[in-house]
Structure formats: structure tokens, C-alpha cells
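For reference, the structure discussed in these notes is given below.
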Amino acid sequence: MARSDGSQGAFLTETPLGTVGLLWRETGADRRSSGFCPRPSPERLSSGSSATSPIRKLRDSPEVAELGRRIDRFLHGEPVAFDLGILALADCPGFQREVLLAESRIPRGWVSTYERIAQSVGAPRAARAVGTALAQNPFPLVVPCHRAIRADGDLGGFQGGRAMKRALLELEGIRFAASGKVTLEKVWY
DNA sequence: TAAAACTAAAAGG
DNA sequence: CCTTTTAGTTTTA
């Protein structure tokens, strides 16, 4: 796939959840990093470009174009699968990588808790560190970090804010109690 | 070493 | 039921 070296890209798109951004960057010979940016700020978008790495148009890259289409369909409620192969997981610290992989195994329509994810990666006391790892998730949505909630059903945090987290979960059919907590009926792990 | 998208327990409404 | 406080944890910058 002929593509220029070290290029990066960023673009905005309108979705049912508002204007979101998609950032894209080549991190190596054939390794790319792509992500959904729930709160696209001008600074965040421009951080993906520099004088030495001009922004390329999204549609110039077939993989990123496809990712953009899938994100769009996802945000319209369609159950779509994402290709983890385009993510630069190797650039993440080991623990975070394990957490992100565990997170990716949570099916649509299910949630898990920070605690149970910690258990699943062999660090049963590290619930808080799981939260930290997910807070730094470079690939929101593609790695569905919105499916991690607190042990008591409380939403926990989200880069795009709790309202967006809730909207994403509702999009996936997750049920909420009147208290605002998730009903813990379908908990993965 | 401090900070963080956590958790559990305790205290007081 | 709710809230705040406190303490115990692990990983990362």
C-alpha cells in the first residue's frame, strides 16, 4: 500500500452523537494508529499535524476511510466490528495493552467492571490502574472502553464525558435503572 | 513521587 | 436510600 512516510491525519465528522473527530497517524513502517476523538478540540486535531507531517485527507487512506465509515455506522446504531490490526497497540505499556485487549473482547450489549477486567488480566487489586489505563486509551470506540463501568453499576469516567458514555451504552442496548446505574445483568468476565 | 475513568467500609444525613 | 471521608491498591508519567 503506497503511502507516504510519517503522515498523519485528522478530520471531523457529524454523527448522531455530535461532531467527533478521527485522528490517524503512522507510527512505523506499516503500523498505524487510529482513533475516535470524542471531544475534538482544535488543539487536539492540530497536534496530529506538523510542518514536517502535513495533514492528509482522510479519504486518501483506504484503511482510515473504512474506519471512518464503520465509526459512522457504529454511531448510527449498527453493530460493526473493528479491525484491531490497524491499532498501534505495541506502542502501549504492557499492562495497558492487556487491558485494552481484554476490553476488546467484551461483546456489544455487555459491560464489564474495572475490577473484573483487572482480574481477567491477572491483577485482581488493580481496578484503579485499569481505570487509568482506559483513561489513556488511544483508540476510544475502536477499543470499546465505554463498556467498562464501576463495580456498583455507576458509569465511571469517560474521555467524552459521562453523557456520551451513557449514550454509547444505550446505543448498544444496555439497560439503566432509575438511579442512573447500569443494571448488572450482562457483565462480561 | 504524585496522580488517577477504582473499591470497600464507615459515618451522618 | 444518599452523601462524604478515609484508606488501601496498582500503574504510569
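Sequence lines set the chain letters: A, B, ... in the order given, protein chains first and strands last, and positions in each chain run from 1.
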Side-chain heavy-atom pair [X], [Y] within 4.5 angstrom cut-off:
X: A/Val130; Y: A/Phe95; result: yes
X: A/Val99; Y: A/Asn137; result: no
X: A/Lys186; Y: A/Val111; result: no

Show, in sequence, the C-alpha distance, side-chain angles and deciding distance for A/Trp188 and A/Ile117, and conclude whether the side-chain contact (heavy atoms from CB on, under 4.5 Å) test is met.
CA-CA 9 Å; A/Trp188 201 252; A/Ile117 294 165; over 6 Å; no
Return the value, rounded to whole Å, for the distance between atom [atom1] of [X] and atom [atom2] of [N].
X: A/Asp152; N: B/dA9; atom1: CG; atom2: P; answer: 12 Å
X: A/Leu134; N: B/dT7; atom1: CG; atom2: C1'; answer: 16 Å
X: A/Asn137; N: B/dA5; atom1: CG; atom2: P; answer: 13 Å
X: A/Glu115; N: B/dA8; atom1: CD; atom2: P; answer: 5 Å
X: A/Arg150; N: B/dA9; atom1: CZ; atom2: C1'; answer: 14 Å
X: A/Ile149; N: B/dT7; atom1: CD1; atom2: C1'; answer: 14 Å

Please name the pair of heavy atoms, one in A/Arg116 and one in A/Val187, separated by the smallest distance, quoted to 0.1 Å.
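Heavy atoms of A/Arg116 and A/Val187 come nearest at CD-CG1, 3.6 Å.
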Using side chain to side chain contact (heavy atoms under 4.5 Å, CB included) as the criterion, point out the one residue from A/Leu100, A/Leu87, A/Asp91, A/Val143 that pairs with A/Pro138.
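When side chain to side chain contact (heavy atoms under 4.5 Å, CB included) is applied between A/Pro138 and each of A/Leu100, A/Leu87, A/Asp91, A/Val143, only A/Leu100 qualifies.
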Among A/Val142, A/Leu168, A/Thr15, the one residue meeting side chain to side chain contact (heavy atoms under 4.5 Å, CB included) with A/Phe74
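Filter result, single survivor: A/Leu168.
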Spatial distance of atom OH (A/Tyr189) from atom OG (A/Ser120) [nearest 0.5 Å]
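Here the interatomic distance stands at 5.0 Å.
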For the CZ atom on A/Arg175, are there more than 12 heavy atoms of other groups (residues, nucleotides or ligands in this structure) within a distance under 6.0 Å?
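No, because the 6.0 Å sphere around CZ of A/Arg175 holds 12 heavy atoms or fewer from other groups.
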Just wondering, are more than 12 heavy atoms of other shown residues or ligands nearer than 6.0 Å to CZ in A/Arg108?
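Counting other residues, nucleotides and ligands, CZ of A/Arg108 exceeds 12 neighbours.
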Just by distance, no angles: are the side chains of A/Glu115 and A/Thr113 close enough, under 3.5 Å, to form a donor-acceptor pair?
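Note: A/Glu115 and A/Thr113 side chains miss the donor-acceptor criterion.
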For DNA chain B, what residues of residues 99-109 of chain A have any heavy atom nearer than 4.0 Å?
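Output list: empty, so none.
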Can you tell me which stems involve DNA chain C, if a stem is defined as three or more consecutive Watson-Crick or G-U wobble pairs, both distances under 3.5 Å?
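The stems that DNA chain C takes part in, listed by first number, are B:1-4 with C:10-13, B:6-13 with C:1-8.
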Summarise protein proximity over nucleotides 6-13 of chain C in one line of letters, 5' to 3': B for base, S for sugar-phosphate only, - for none, counting protein heavy atoms closer than 4.0 Å.
--BBBSS-
